[in-house]
Structures are given as structure tokens and as C-alpha cells.
Amino acid sequence: MLIVDKEGILIRYNVKMEKTMTPEEAAAELYPKDELYKAIAEAIFEGEEDDVIEGLEAAIAAGKDPIALIDDALMVGMKVVTDLYDQGVIFLPNVMMSADAMLEGIEFCKAESGASPETKGKIVVHVAEGDVHDIGKSIVAALLRAAGYEVVDLGRDCPVDEVIEAVKKEKPMMLTGTALMTTTMYAFKEVNDRLVEGGLSLPFACGGGAVNQDFVETYSLGVYGEEAADAPKMADAILKGATIADLRAKFHNHGGDKNGN
Ligand code: B12
């Protein structure tokens, strides 16, 4: 009897030992190891725009490339935020504040990079009809602009008709679409079919939380992009003559890497 009681006490102690982490403690476990990147990621998590800029200034002063910082620090910080949101540790207002701080950081990096004003080509970007999630699209647009492309941003919840009209008017080298909802991503197929019917053929790069490669492969112009950083890589490949089939071979997960190796 005594032994059973002892076990009961031990089990209780174990439960007591499992302390619930605060959001800050949970985030601290996910930050990058590099102190410069960590400071930026932490400022993104806290939604502190001034601290993000301060962190970026310090990293640039230490020799980091401003454009590489978008991927290596800003996006890493944003991933901490979305991961903790998924786990129910933080809530939507936190995500929104962090997204604003991250977008501010991207603008700063672009300005610091002094990227050439000469444009390499025109790209139309949009968020699927019915979908208001535009953070990923804004990152895609910012990275494309930073890489020297002219971006025509059709914004969020963009009607299919407007996408078709913009492609006819702007004659872009590539169209991008972002969808975060399993319901709205079907607008991409409609855009594809309307383009094909109208005799328009161009790579239609699609991404966003809800989208996956299998879905994108169901329509002829579609190329799946997992990360925002894939968008400028796709555009660069198109400039070098890549077709939609080449882009799928390079960016879809068939074993090779995104640099075509
Ligand atoms: C922020 C957010 C919101 C904000 C959006 C603010 C804004 N301006 O975007 C607000 C509060 C408005 C919102 C509203 C809603 N939301 Co919401 N939201 C989110 C949340 C938390 C984060 C999304 C996000 O911004 N992620 C970060 C960005 C950077 O990711 P991303 O867009 O996928 O982009 C990355 C890649 O995919 C890639 N990428 C994106 N596009 C492209 C394009 C190309 C070409 C390439 C190469 C790459 C690429 O680049 C980015 C970085 O690498 C998610 C949950 C989550 N953890 O994802 C839910 C989530 C997307 N929302 C969801 C829902 C259901 C809603 C609402 C319907 C809620 C409601 N009942 O009202 C409404 C939608 C209304 C509507 N009609 O759209 C669901 C969608 C479920 C589903 N699969 O269908 C999610 C998944 C939450 C959940 N788990 O249920 N939401």
C-alpha cells in the first residue's frame, strides 16, 4: 500500500515538473543560433519594427548581405511566429504585428541593397479570388522587386476576370498566384483555363499555404513554388529560356535541387 502511495506521489511530482512555457520561452527555443539573426528574429516575434531595423543595421554593418537577410533572418523570424500560431501558443494579433514588422524589414533591406533600377522583366502577382491572405504575396512581390523585376501587384481577393485582363494588358513574362485556403486555390485552375482558351501561354507560378505540387500539376501553365524565394529564381530561369516543363523539372520535387543540379 505504502509503495502504491509512493508511486502516486512520484507521478504527481512529474506532472508538476512539466512547466507550461510562456510564448517568449517557446519562441526562444526556435530562434536561429547566430546572434545577429537571432536579434532580428526576436524583434519580428515581438512585432517591434524599430528593433527589426536596428537588428538589420547591425547585421549589415557586420557584412551580411541585405537581400540574403530577408531569407536568413526575417523569414526565419516569421516562421517562428506562424509555427507558434499553429501550436496555439500565440494569437492572430501577434501574427499581424509580426507580419508588419517583417514587411517593414523587407523594405529596409531592399533600400539598403541599392538594387539596380533597371528592370529585368514584368511580373503580375495576385492573391486568389475570395482569399484575403496577402502576406506571402507581398513577400513574393518584394523579393521579385529586390531581384530587379517590375511587379504589377493586383492585390488580394483578385477576381479571375481582372487577372486575365492584366495578363492581356501587361504582357508579363510570368504570373504568380497565392492562395491560403483550400477553397480559394481552385481559382488558379479557372485562371489557367481562361488563359489557355484565350491563346495566352505563360508560366503561372502558384504558392501559398493551401497549395501543393500535385494540385498545381493538374493545370497546364502551373508551376509550384514552395517558398517566396523561389519566385525570383523562376523568373531568372525564364530569362535564360526555361519553359514551363523546364521550370517544373527544376522546382518540383523530383529529386534535383532548385538550381537545376
Ligand atoms: C494571418 C492569417 C489571417 C489574416 C490575414 C491577413 C493578411 N493580410 O494576410 C486574417 C486575420 C485576415 C485571416 C482571415 C481568415 N483566415 Co486566416 N490565417 C492567417 C495565418 C495565421 C497566417 C497566414 C500567413 O500569412 N502565413 C505566412 C505567409 C508568409 O505564408 P504564405 O502566404 O503561405 O507564403 C509563404 C509560401 O507559401 C510562399 N508563397 C506564397 N505565395 C507564393 C507564390 C509563389 C509564386 C511562390 C514561389 C511562393 C509563394 O512564400 C511565403 C514564404 O516563403 C494562417 C495560419 C497559418 N499558420 O498559416 C491562417 C489561415 C490561412 N486562415 C484560415 C482561415 C480559415 C481564415 C478565415 C476564413 C477565418 C474566418 N473564419 O474568418 C479568414 C479568411 C477570409 C478570406 N476570405 O480570406 C485557415 C485556412 C484553412 C484552409 N486551409 O482553408 C488558416 C490555415 C488557419 C487555420 N489553421 O485554420 N487570416
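Keep in mind the model is a prediction, meaning the values are calculated, not measured. First listed ligand is number 1; within each ligand, the first listed atom is number 1.
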Inset, instruction - Give me the one residue out of Asn192, Leu195, Val125 that meets side chain to side chain contact (heavy atoms under 4.5 Å, CB included) with Leu175. - result: Leu195
Legend entry - Distance-only N or O hit between ligand 1 and Gly225, under 3.5 Å: no
Inset, instruction - Report yes if Thr182 has an N/O atom closer than 3.5 Å to an N/O atom of ligand 1; otherwise report no. - result: yes
Legend entry - Test ring-ring contact (aromatic ring centres under 6.0 Å, His included) applied to Phe204 - qualifying residues, sequence neighbours left out: Phe188
Legend entry - Distance in Å, Glu150 CD paired with Met173 CE, rounded so as to fall on 0.5 Å steps: 12.0 Å
Inset, instruction - Return yes or no for this condition: an N or O of Gly209 is under 3.5 Å from an N or O of ligand 1. - result: yes
Inset, instruction - For Asp71 and Ala68, indicate whether the former's side chain and the latter's backbone hold a donor-acceptor pair under 3.5 Å. - result: no
Legend entry - ligand 1 N/O within reach of Met234 N/O, cut-off under 3.5 Å: no
Inset, instruction - Only counting residues at least two apart or in another chain, list the ones meeting side-chain contact (heavy atoms from CB on, under 4.5 Å) with Thr182. - result: Ala210
Inset, instruction - For Thr183 and ligand 1, answer yes if some heavy atom of the residue is under 4.0 Å from a ligand atom, otherwise no. - result: no
Legend entry - Separation between CZ of Arg194 and CD1 of Ile164, rounded to the nearest 0.5 Å: 5.0 Å
Legend entry - Every N, O or S from the protein that is nearer than 2.8 Å to atom 17 (Co) of ligand 1: His133 NE2
Legend entry - N or O contact, Ala228 vs ligand 1, cut-off under 3.5 Å: yes
Legend entry - Member of Val81, Asn94, Ile40, Leu30 meeting the side chain to side chain contact (heavy atoms under 4.5 Å, CB included) criterion with Phe45: Val81
Legend entry - Residues which pass ring-ring contact (aromatic ring centres under 6.0 Å, His included) with Tyr85, listed by chain and number, not counting sequence neighbours: none
